[in-house]
Each structure stands twice: as C-alpha cells, then as structure tokens.
Amino acid sequence: MRFDRGCKNTTAAFLLLAVTLCGCADPPAVFVLNDAYYAHIERKTQTTFDPRSRDDIGLILASSFGEPDDPYVPLIADLDATEILDLTRVKQSSGRVWSDKIGIARGLYREHCIHCHGMSGDGLGPTASFLNPYPRDYRMGIFKFKSTGKGLKPTHDDLVRILTEGIPGTAMPSFKVLDKDEIESLVHYVRYLSIRGELERKLIELLPDVEDRLLDDALRGKQDDKYKAQWDTIRGTAREVMEKWVQAEQEVLPVPARPDGWQDPETMRASVEHGRKLFYGKVANCFSCHGDSALGDGQTQGVDAWTRELLNDKEQFLGLAKMTPEERDRFEYLKARDPRILPPRNIRPRNLRQGIFRGGRRPIDVYLRIVNGIDGTPMPSAPLLKPGEAPNPGKLSSDDVWSLVDYVRSLQYESISNPNDHEPVVTRERL
Amino acid sequence: MHVGSPNSISPWPARWAIVLACATFPLIWVGGLVTTYDAGMAVPDWPTTYGHNMFAYPVLDWLRGPWDMFIEHGHRLLGSLVGMIAIGLNVSVFRNERRGWLRVLAVVALLAVISQGVLGGMRVRFDNRQLAMIHGCFGPAFFAFAVAYACFLSPDWSKVSAGRLDRSGQRILRLSAVLVVLTYLQLILGASMRHLTSQISPDFFRILVIFHLINALAIAAHIAVLRVRIAANFPRVLGLLLPVRGVLYLVSVQLALGVGTWVVKYGWPEWVSNWDFAAGYLIAAKSHSQSMTVTAHVAIGSLILAASVLLLAQTARRFLPTGASPSRPYSADRRDGANRPSGLAMEAVR
C-alpha cells in the first residue's frame, strides 16, 4: 500500500517535472522588424503609415531572406551575387549551434556573434548595453574599417581581416582560433544580415511615397500586373543594395608606394616633421578633432551615424546628462516603439598618443583611415590629389599622407606620451 | 586510519561518498567547458554517441576527434562514472550503514545523478538552452549535496554532539543558511548569463549583471560577517572555522575571477581606457586563457556553494538540538570551551 502510494507520488513528481520542463522551450528564432527606423521615418515625414505596411515588409523580407533557422538568398535577375552571398556558407552560420562528427561547426553566428550583434544583426544583442562602442548594427550597411572609399561597402578581405584580427580596445574579439572556412561563412552571414537590414530600411523609406501598399499579397492571382509591379519595385531596391556589395571588390583604393629612402633616419625625421605641419594645417585639419595635444580631446561632442538617427540627424550631442527636452522626447518616442534601443552616446576621437588604432596599426592601415575616413563617424576622408592631378594647396598628395602616417605613428614615442620616461630633472642637469 | 562512524560497521560508505564528491568536481569543470565552448550539441544524439553505445564509442575517434566533441563525450563518460560511483555508494551504504536517513540520502544521490543525466540528455534531444541552464544549475547543487553527504558519513559527524540553540548559535545558523541561499542564487544568475537565449533584451541582461554584482558584494560582506562572528564566538571550533575560512578564500578568488571573466569576454570598461593596457586590449575569442578563466569562475562558484552547504551542515549539527544527542546548555560567550558540549571541546585542536 505504502509502496503504491510512493509509486504514485514519484510518477506525479516526474510528470510535474516533465510538464515544467516542456514549458522551458527556447523562444523561437525570428528576425525583429526595425521598429525604431519605422518610427523615425514616420516622424521625419510627418506621416502615419498604414498599419498593414509593417506586415508587408515582414512578408517581403521573409519571402526573400527566410528566417534565422532557414535562410534564403534573394535572386536578382542579371546580378551574380554568389560571390557575396553563398547560400551554403550562409546556412553554415545560421540556425542552431551544433557540429557534426568530423567537427564541421554549424550555427556559427549564434555561437560567436549573437550575444552582441543580436539575431537580426541590429547590434542589440543581450550584452550590447555594457559595451562601448555599442556593437555594430549591420542594418545600416555601414562598416568602419575597410580598404574602399567613404560611403562604399567593405571588401570580402576587409571583413575577414576584422574577424581575424579583432578590434583592440573594444569587445570585438579576434577569431583567430576559427578555421578559414568558418571565417568565410561568418563573412557571408554578416553580409546577408546587412543586405537584409539595409533592404528593410530602404523599404521603410519607400513607404511615404507608396500610393497604396508596398506589397499586397491579396492581389496575387487577381491583379497580377499590379502585384508584379509591386515586386519589381522591391526587386529594384534589393538590386540597388546588393550591387554595392558586388561592386565593392573593384573599389579598393590603390595605395601608392612610400617615397624612396623612407627607411633612412633623416628622411623619416623630415617626413615626421612634415606630417606634424600637416596635422596642424588647414587641409588635413586633424587637430580640430584629435586636439592640439593629439589626445583625442579636440571634439568630444561628436556622434556616429547610428546615434545620429536617434537625435534627429544632429551631429552634436552634449551627453545624456545634458539632453535637451526635445532630444529626450524623441528618444522616449523611439524607445516606446522599439524598447530595445540604447541611449545615445558620444564618439571620442582616437587618442593618438597611445599608439593604438582600432582599424589596425600597420602604416597601410593608418594610411587607409586618413584617405578613406571612417564611415559612420565624424572622421572625414582626406582631400586627396588624383593621380596626375596638378598640385593643389587644398589637397594632399599621397606623399603628404605618408608623412601624416609617420607623424601619427611617431606620437606614441614622444616623451610627452609617456611621462614616466622623462628623465629626472637632476639627471638632466648632471648631463 | 579508521574512516567510518560508530553507526557504520565499515569505513567504506564514507570512502565512497568522498570519491563521489571528488569525482563530481571535475565533472562540473568539464560541464563548464562544454558551455564555454558551446559544445552541448557536438554530439547530437543521446544516450548514444553518433549511433554507438556511449561506452563502446571508439576511443581513438574520441581522442583524435574535434575538441568540442572530445569534451562533450568526455562529459558524458565522466557523468556515467559518477553514476557508477553513486551505485557503489548505495551498495556500500545499504550493506554497512545503520542510519535510515543516510540510506534514504544515498538513494536520493543516485536518483539525482540519474535525473541530471536525463536532463543533460533532454537538453541534447530537444536542443534546448533552457534545459542546459537547468542542467547547469542542478550540477553544482548535486556537488554540494555530495560534499554534505560525505560530511554526514564521516566519523567526526557522529562524534559531534548537538548543542543548544542560543542567541549566537542562532545568528550563525541563520547567517549560514542565508549564505547558502545567496550563493545558489548567484549561481542561478551566473547560469542565466551564460545560457543566454538570443531573444533576451539588453535591458534584461543589464538587470542580470547588476543583480549578479550586487549579490556578489552581498556574499562577500556576508561571509566576512560570518567569519568574524565564528572567530569571536567559537575561536577553537575547527569544524566551523575551516569551512568559513574556505568560503572566504574562495570568495576572494571568485571576485578576481569574476573581473577576469568580464575582461576576457568583453574587454575593459570605458573608464579605464586612458590606460594603454586597456585601450589596446584585444579579446581572443575561445582562447585557452579566456575559456579557462570563464570555466574556473563557474567551477569555483560550485566550490563556494559546496563549502557554504558544508558550513551550514556543521552549524546545524552543533546548534540544532536533536533527540538523540545530548544537549547540554552552554554559553557561547565563554571562549575556553570547557563548558561547551563535548563535540565542540573535542575539536579544539591546535
């Protein structure tokens, strides 16, 4: 009798446990709509969009890109995008984390990236609020450290380099432990998220000018011409986004060789001195942001492109403590529409005296930062003379840029950059 | 040396219990590594391993296979070993131990190991991170239980006589109980941060981190108070002093590991970026140093929980009166130990 009761109790306990555990299902993996941008465009254009437009965009994106567990790659007629979006590689990085018997890892994005960059690549992963700078939101299609010009997409190698080398001084790690195929796969998936997110933004931007619906699925089979025209507009927009990525491989800025004899100490000294003059000159104008001392204290109220959107495209922000009522109201409005968005933050110019450059510390990296600028930040591209162009006092030659590179790279070795290295006064007097 | 209590006719139950506790700690380490390397699904089937009986999986394939598969299959084998030790413990306890409650606890230990194995299996079968988190929280609880059980079977446990629950004893007992609750809560918070599901918002994660930090400080303050009270009231009772010192040292190490874990995972905070070491710090994802720091933080957390439970057990043994034990009153304020129950006086060895 007692045994029966014990059995019943045990069975009941296990059933209760099973029911409880069944309730612990992981939340479904879904892409999140860019509600903050939707609200931003609504407010900017003083329009209230048809509530169905949100679902329309969701439908367009789902039918073109699939879902996180089952991604597709959109096919655009006459555009060979296999180099930038290889479905096999995209699939390897998508979905749940697992690996097969021979160790081929799957779900790489969810294993390595999602906790910062988020499921949709919106930079709103769980850890985002603690990180400075915030993790990159791929949906704007802007990438900072690349070999292509301002406003252009990064090349494949640029993305591989960032993943492999990481970004010092930030939460972006180096993934050197991953093998080449895994890095390749992640690059394709990052591009997939970026293209998807940028198309989403472009579709939202179309909404104020759309006469009826962006895509009315009810028209299918009834008014095929109208339905086809809607899809043509969408495909045209997708082509616009994807073409830029395809073209990026041809847009790499050639880096001219350094002037002869640069390794000679005297030549180097002269180059550094020339670079110093340019640094404080009106053309390069580096000091206005990096400061007279190059400590990065010249312009401390700048914001990046991602934050600008939260501030109604303002380029200056005094900080959270000094937010104007208008800025606060705007942020709260956007936060109400997308509760995940993070408060605006300033972006600080680099302290050049530390000798730490986030895009890489090789001379060529610094050259590319000066010539291309840093997309999405107040760092502009230097006005550069084109090959064969006559000297112009308002522009820099490639030799000038190399001198700037030499000067910037020399700053960390100046005694002022490391006060501990100063000789004691007594020693100097003795000498 | 004789290991075993007066109620046990053999030293073997105590020995088995010690082996069980000792085998569980590496299991927690390897389990921590599985989560650190996100290797939970490196073997997608369960209870088989790639179709083989788990124990018949070719050893060379395992040893030469991919790293994540190596640790996941190793975790399963180690878990099975702990299960076998739990069976051995049960056999030994039922043959040699007279105390019924210890027999019951031996069965509980075996059921707990089985449940934990099934939970781990379900995590794989359903590829469910929530179950992984529950599995990750249950493991340290079992480890603490195994340590306490080994303590119950030790000969010293029977020799200690219960005292009277006076005011100072009451305070220490209460503080010890709260310490266990706080350390386990801390472990759950930590597990929630490690087993993040993708849809958690930044605000929710922020709350988790803030609670984890506040609770860490609360534990540190709590253990400091407990250490002071025990040292003040029972300066010669090693049964209380050793666990409380152990927890204190472990918490100190754990605080350093917590900072280290944050740094190796997310870098230095912005407010130290003026220093070159922080401004130029590059995180190496899944590197040896990163994985070991993070996993050590997890494992030491389990050790703190076990030491806290041990302290609670020792405290309860001394201050909770039981019917079977002589319970002579004594004053906690008297420090010479002469008027204390024999158990307390006996342990005053320097």
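Per chain, numbering begins at 1; letters A, B, ... match sequence-line order.
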Around atom [atom1] of [X], are there more than 12 heavy atoms from other residues, nucleotides or ligands closer than 6.0 Å?
X	atom1	result
B:Phe138	CZ	yes
B:Trp271	CH2	no
B:Arg125	CZ	no

With no hydrogens and no angle check, do the side chains of B:Thr36 and B:Arg194 hold a donor and an acceptor under 3.5 Å apart? yes
Please check if any side-chain donor atom of B:His195 sits under 3.5 Å from a side-chain acceptor atom of B:Gln130, or the reverse. no
Does the structure place the NZ or CZ of A:Arg345 under 6.0 Å from the centre of the six-membered ring of A:Tyr134, at an angle of no more than 45° from the ring's axis? yes
Please name all residues satisfying side-chain contact (heavy atoms from CB on, under 4.5 Å) with A:Trp98, sequence neighbours left out, ordered by chain then number. A:Asp100, A:Arg106, B:Met41
Using 30° and 60° as the class boundaries, would you call the ring planes of A:Phe31 and A:Tyr192 parallel, tilted or perpendicular? tilted
If the test is ring-ring contact (aromatic ring centres under 6.0 Å, His included), which one of B:Trp268, B:Tyr266, B:Trp262 qualifies with A:Phe130? B:Trp262
Residue [X] versus chain A: region with a heavy atom under 4.5 Å:
X	answer
B:Leu196	side chain
B:Asp276	both
B:Ala278	backbone

Based on non-hydrogen pairs under 4.5 Å, which of [options] is most in contact with chain B?
options	value
A:Val177, A:Ile104, A:Thr127, A:Val32	A:Thr127
A:Val97, A:Thr170, A:Ile114, A:Leu178	A:Val97
A:Arg348, A:Met119, A:Glu111, A:Arg340	A:Glu111
A:Gly118, A:Ser129, A:Gly103	A:Ser129

How many angstroms lie between atom OH of A:Tyr189 and atom OH of A:Tyr138, to the nearest 0.5 angstrom? 10.5 Å
Sorted by number, residues from residues 64-75 of chain B in contact with chain A (heavy atoms, under 4.5 Å): B:Pro66, B:Asp68
Salt-bridged, A:Arg362 to A:Glu165, with N to O below 4.0 Å? no
[X] versus chain B, heavy atoms under 4.5 Å apart: side chain, backbone, both or neither?
X	answer
A:Ile167	backbone
A:Gln412	neither
A:Leu342	side chain
A:Lys101	both
A:Arg361	neither
A:Pro133	neither
A:Pro28	backbone

Is it the case that the side chain of B:Lys286 and the backbone of B:Ser291 share a donor-acceptor pair, with hydrogens and angles ignored and the cut-off at 3.5 Å? no
Given B:Gly267, B:Ala39, B:Ala42, the one with more heavy-atom pairs under 4.5 angstrom with chain A than any other is B:Ala42
How about A:Ile162 and A:Phe175: do any of their side-chain heavy atoms sit closer than 4.5 Å? no
